[in-house]
**Student:** 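One structure, pasted below without further comment.
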Amino acid sequence: MSEQKQTYDPATIEPKWQQFWRDRDVFRAPNPGEPGFDPGKPKFYALDMFPYPSAAGLHVGHPEGYTATDIVSRWKRAKGFNVLHPMGWDAFGLPAEQYAIQTNTHPAQTTAANIATFRRQLQRLGFSYDWNREIGTADPKYFRWTQWIWKRLYERGLAYESNAPVWWCEALGTVLANDEVINGKSERGDHPCERRPLRQWVLKITDYAERLLQDLDGLDWSESLKTMQREWIGKSEGAEVDFDVVGHAGTKLRVFTTRPDTLFGASFMVLAPEHALVATITAAAQRDAVDAYRKAAASKSELERTDLAKDKSGVFTGAFAQNPLFAADDPQGRIPIWIADYVIVTYGTGAIMAVPAGDERDFEFAHTFGLPVPGIFAPQTGDAAADAAIAAGERCCTDEVPYAAHCRTADGSLVLAGRSLADGKRATIAWLVARGRGEAKVTYRLRDWLFSRQRYWGEPFPVLHTQDGIELVPDDQLPVELPHMDDFQPGGVPESPLIRARDWVATRDGKGRPAQREINTMPGAAGSSWYFLRFCDPHNEREFCSKAASDYWLPVDLYVGGTEHAVGHLLYSRFWTKVLHDDGRVGVVEPFHKLYNQGMIQAFAYEDARGATVPMANVEERDDEVVHRQTGEKLKRIVTKMSKRYGNVINPDEVVGEYGADTLRLYEMYMGPLADSKPWNPKDVPGVYRFLQRSWRLAVPEFAEFGSIHAHLRQDRADDPDLEKALHRTIHKVSGDIERLAFNTAIAAMMIFVNEATKAMDKLSRSQVLRFAQLLQPFAPHLAEELWQRLGGEGLLAYAAWPAVDESMLVDAEIEIAVQVLGKVRGRVMVPTDAPKDVVLAAARAAVASQLEGKTVVKEIVVPNKLVNFVVK
RNA sequence: GCCGGAGUGGCGGAAUCGGCAGACGCACAGGUUUCAAAAACCUGCGCCGCAAGGCGUGCGGGUUCAAGUCCCGCCUCCGGCACCA
């Protein structure tokens with residue numbers, strides 16, 4: 001007798017189904033008009049943030065979000081949706097180029113190899129992508145359209161050359177956009193950066209600031225993410241006010257303020273050291289001091305100006321300004337003009353009116369340099385000492401409090417006393433406008449998008465520099481491809497490596513005259529700002545994406561990815577979508593309806609007594625303890641990022657090799673809520689593997705001699721009512737949980753069902769196991785498809801409809817309720833579901849009779865089908 | 001400093017609308033099977049207590065018949081912003 005075991009073996013069933021799905025194009029998503037398209041179906045667009053294919057290969061963090069969208073995609077298909085679920089590669093960028101410099105391999109070559117690795121790794125995980133739609137941003141067929149879109153931006157006046165100061169990173173040999181610089185250091189590599197004036201291409205995203213802000217309201221994004229974008233856009237409403245400079249007839253000093261109502265308290269002015277007016281107004285006696293200060297400010301790195309320079313510094317220019325609220329001969333209105341580096345030249349007008357009574361920075365500055373602090377408020381909080389301090393200008397006040405009686409012009413044309421803050425602002429602005437001294441003004445913190453890099457591995461600009469200026473490369477000559485080069489060393493300021501490709505740079509313009517190609521390239525975020533559009537129509541050679549295709553698929557219904565793109569990629573994509581909308585080429589104004597940020601997958605690491613992290617190679621488990629392999633010292637477990645240095649990086653290939661893709665998918669979803677960061681615990685992985693084994697065992701006998709499925713599953717029979725109820729409950733729970741992306745609890749519900757079904761295994765019907773396989777399919781598609789096939793399910797499980805829930809199966813005839821006395825559970829009792837109150841109370845009283853003895857019940861609370869609470873005396 | 005988010009057994013986590021805290025999984029303990037199992041299965045498992053019972057969701061208050069959940073004041077951790085006028 002042969003004893004061939006039929007154990008759950010992902011190593012055979014997973015490749016089998018992956019091949020099957022691929023060979024039959026099972027997950028192809030037809031566009032309107034294509035064969036197989038069903039206009040009766042609703043659409044669903046589930047998108048992952050496509051990866052940058054690094055040399056390190058897939059990380060366990062990647063499949064987390066990808067599994068989540070795959071579950072939703074498979075579920076939506078089962079619910080009758082036409083699902084677009086594509087994957088591609090964000091393939092231009094710095095790491096490939098850095099690697100190329102180190103190894104002297106062409107970035108195109110390493111990129112191709114990395115993509116091949118990523119594709120293979122992703123395909124091993126059984127994601128239901130429509131691989132026909134695969135795209136890569138470094139592919140000329142793709143970036144032809146990136147260049148084409150850039151031309152539309154240019155034509156609409158949204159792309160321009162600028163010489164304003166930009167972030168320059170010496171170590172990376174390129175300039176960087178604002179969101180790529182954090183505290184004066186590069187986001188990638190943490191290298192110091194500094195501001196330098198260089199010719200750059202810039203996109204006028206600020207033209208869209210208001211719409212980017214307003215349209216956030218309608219999006220199904222987390223509040224925290226919307227807040228991040230709102231703060232990045234940084235809208236401030238206030239006024240611009242003109243001050244005359246005393247002794248410089250006709251010279252006006254314009255400032256921006258959000259508190260025009262505090263103009264009465266302006267006691268000095270501050271200009272940014274770089275402000276253009278400094279040279280004009282500085283008095284001879286102060287010139288040396290001012291020049292020295294400006295020089296010092298210019299040589300300070302941005303780090304020193306932000307991180308270290310918390311103490312206020314500045315220099316008096318010797319000039320005075322005239323406060324427009326006061327008469328020219330009123331000495332109160334004549335205030336000194338200083339320069340200080342706490343005022344930033346690029347924000348507002350680069351100059352402020354300082355109101356120390358109402359602004360903490362100005363207060364601190366006044367305090368440092370002994371400048372007057374005129375009180376302008378008369379608070380009545382009840383704290384007499386505090387009120388007096390504020391009134392006297394001894395303390396700064398930024399809250400809304402009443403204005404002091406002297407906040408009025410001499411002629412009474414403006415009186416603030418008695419007004420609210422909002423009204424005070426309004427009145428002051430009206431007063432200024434009437435006299436031509438200022439206007440209401442909205443300012444944004446958002447700056448224009450620095451859109452060029454001095455690097456090789458990016459999209460070339462479709463731009464020629466001719467003797468007449470800028471000339472665009474005609475659409476029919478796109479793409480402008482990169483020249484082949486063997487040396488990608490950054491060329492330094494302001495030259496990109498492309499300057500060395502002389503034959504490429506030197507070309508001819510439309511009139512046949514000599515011209516030079518633009519040697520800067522586009523930033524990494526260029527290609528990713530519209531890839532979700534290309535996925536809708538990836539092979540179109542006439543358009544970047546047909547209007548019909550984007551009208552059908554957009555917006556993305558679910559977009560999952562990490563929070564690191566909160567202000568960069570997500571803002572840029574929204575911007576490009578709006579521009580393409582305004583150009584009449586895209587119907588929607590927002591690309592991503594629902595956005596969900598996955599958490600980070602962390603790892604355990606171990607610390608010694610000094611708090612130093614011990615590499616995993618030196619960590620050993622002995623008995624119940626974790627100790628240092630050499631010293632034997634007891635170690636403390638901590639949760640941290642996965643890092644090569646600690647040796648705690650989990651490789652998904654190894655997990656798939658040992659347990660299979662279904663286990664990896666399931667474990668990543670079971671670890672905890674998708675949005676949370678949580679540590680990978682290798683010891684937890686076998687738990688979900690065991691669950692899959694038990695699921696397998698529901699259908700498949702241990703030994704092959706008993707057949708490929710259990711005998712009692714070979715034909716249909718009546719469903720066991722208890723198991724049937726349990727199954728309906730599970731379907732209900734799993735459906736609801738997928739809808740709210742709570743995959744961990746959906747899996748727990750399936751575990752409960754399998755545990756129950758295992759105990760009554762021979763009572764299971766074929767229909768029940770088939771429906772369970774349908775439930776499992778989005779999570780563990782290979783195993784589920786295999787069970788479906790063995791049980792003779794109709795067609796492919798991937799195309800099967802989601803099982804129906806019979807609502808009546810969700811209620812029991814009887815239900816157990818808790819009986820509390822004074823809020824503590826003292827008993828339990830079975831009562832009929834939805835029983836009348838008096839029946840429940842009678843049963844409850846009986847259940848806690850001993851507790852109620854000798855006491856008076858003063859109140860009875862009945863929560864239907866849940867509990868009874870007796871309040872006694 | 002400001003703005004978000006979080007803090008629940010030995011561990012990951014559950015409790016969706018103020019209604020039985022600890023679902024599910026891991027680890028651990030005991031058992032069955034076994035030549036032996038690291039495999040499979042069964043049972044137990046918040047803490048204190050022999051028990052009755054008491055205590056328990058970061059800490060201190062409060063609202064309520066009832067609080068992990070709501071309110072006030074703190075502590076810690078994570079993320080973002082950081083002289084933006």
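First the proteins, then the strands, lettered A, B, ... as listed; each starts at 1.
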**Student:** So which one's nearest nucleotide on RNA chain B is more toward 5', A:Gly234 or A:Thr563?
**Tutor:** A:Thr563

**Student:** Between the base of B:C83 and the side chain of A:Lys312, is one N or O donor paired with an acceptor at under 3.5 angstrom?
**Tutor:**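 Between B:C83 and A:Lys312, which were checked side chain against base, a qualifying N/O pair under 3.5 Å is present.
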
**Student:** Strictly under 3.5 Å: I want the nitrogen or oxygen pairs between protein and nucleotides 45-47 of chain B, one per line.
**Tutor:**
none

**Student:** What does nucleotides 3-17 of chain B look like as a protein-contact string, B for base, S for sugar-phosphate only, - for none, at under 4.0 angstrom between heavy atoms?
**Tutor:** SS------SBSSSB-

**Student:** Just confirming the chi classification of B:C17, syn or anti, using 90° around 0 as the syn window.
**Tutor:**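 This nucleotide is in syn.
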
**Student:** As a test of the definition: with a 90° window around 0 for syn, would you call B:G7 syn or anti?
**Tutor:** anti

**Student:** Do the numbers put A:Lys312 on top of the ring of A:Phe369, so that NZ or CZ is under 6.0 Å from the six-membered ring centre and no more than 45° off the axis?
**Tutor:**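 Because its charged atom misses either the 6.0 Å distance or the 45° angle limit, A:Lys312 does not stack over A:Phe369.
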
**Student:** Using the C1' atom as the reference point in each nucleotide, state the distance between B:C45 and B:A23 in Å, no decimals.
**Tutor:** 15 Å

**Student:** Assign A:Glu860 to base, sugar-phosphate, or nothing according to its heavy-atom contacts below 4.0 angstrom with the strands shown.
**Tutor:** nothing

**Student:** Are A:Arg254 and A:Glu439 ion-paired here, with the side-chain N under 4.0 Å from a carboxylate O?
**Tutor:** yes

**Student:** For A:Phe870 and for A:Asp359, find the nucleotide of RNA chain B with the closest heavy atom, then tell me which residue's nucleotide is more 5'.
**Tutor:**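 Final value for this comparison: A:Phe870.
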
**Student:** Name the nucleic acid region contacted by A:Ile752, choosing base, sugar-phosphate or nothing; use a 4.0 angstrom heavy-atom cut-off, strictly under.
**Tutor:** sugar-phosphate

**Student:** If we take the P atom in both B:U16 and B:G79, what is their distance in whole Å?
**Tutor:**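 It works out to 28 Å between them.
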
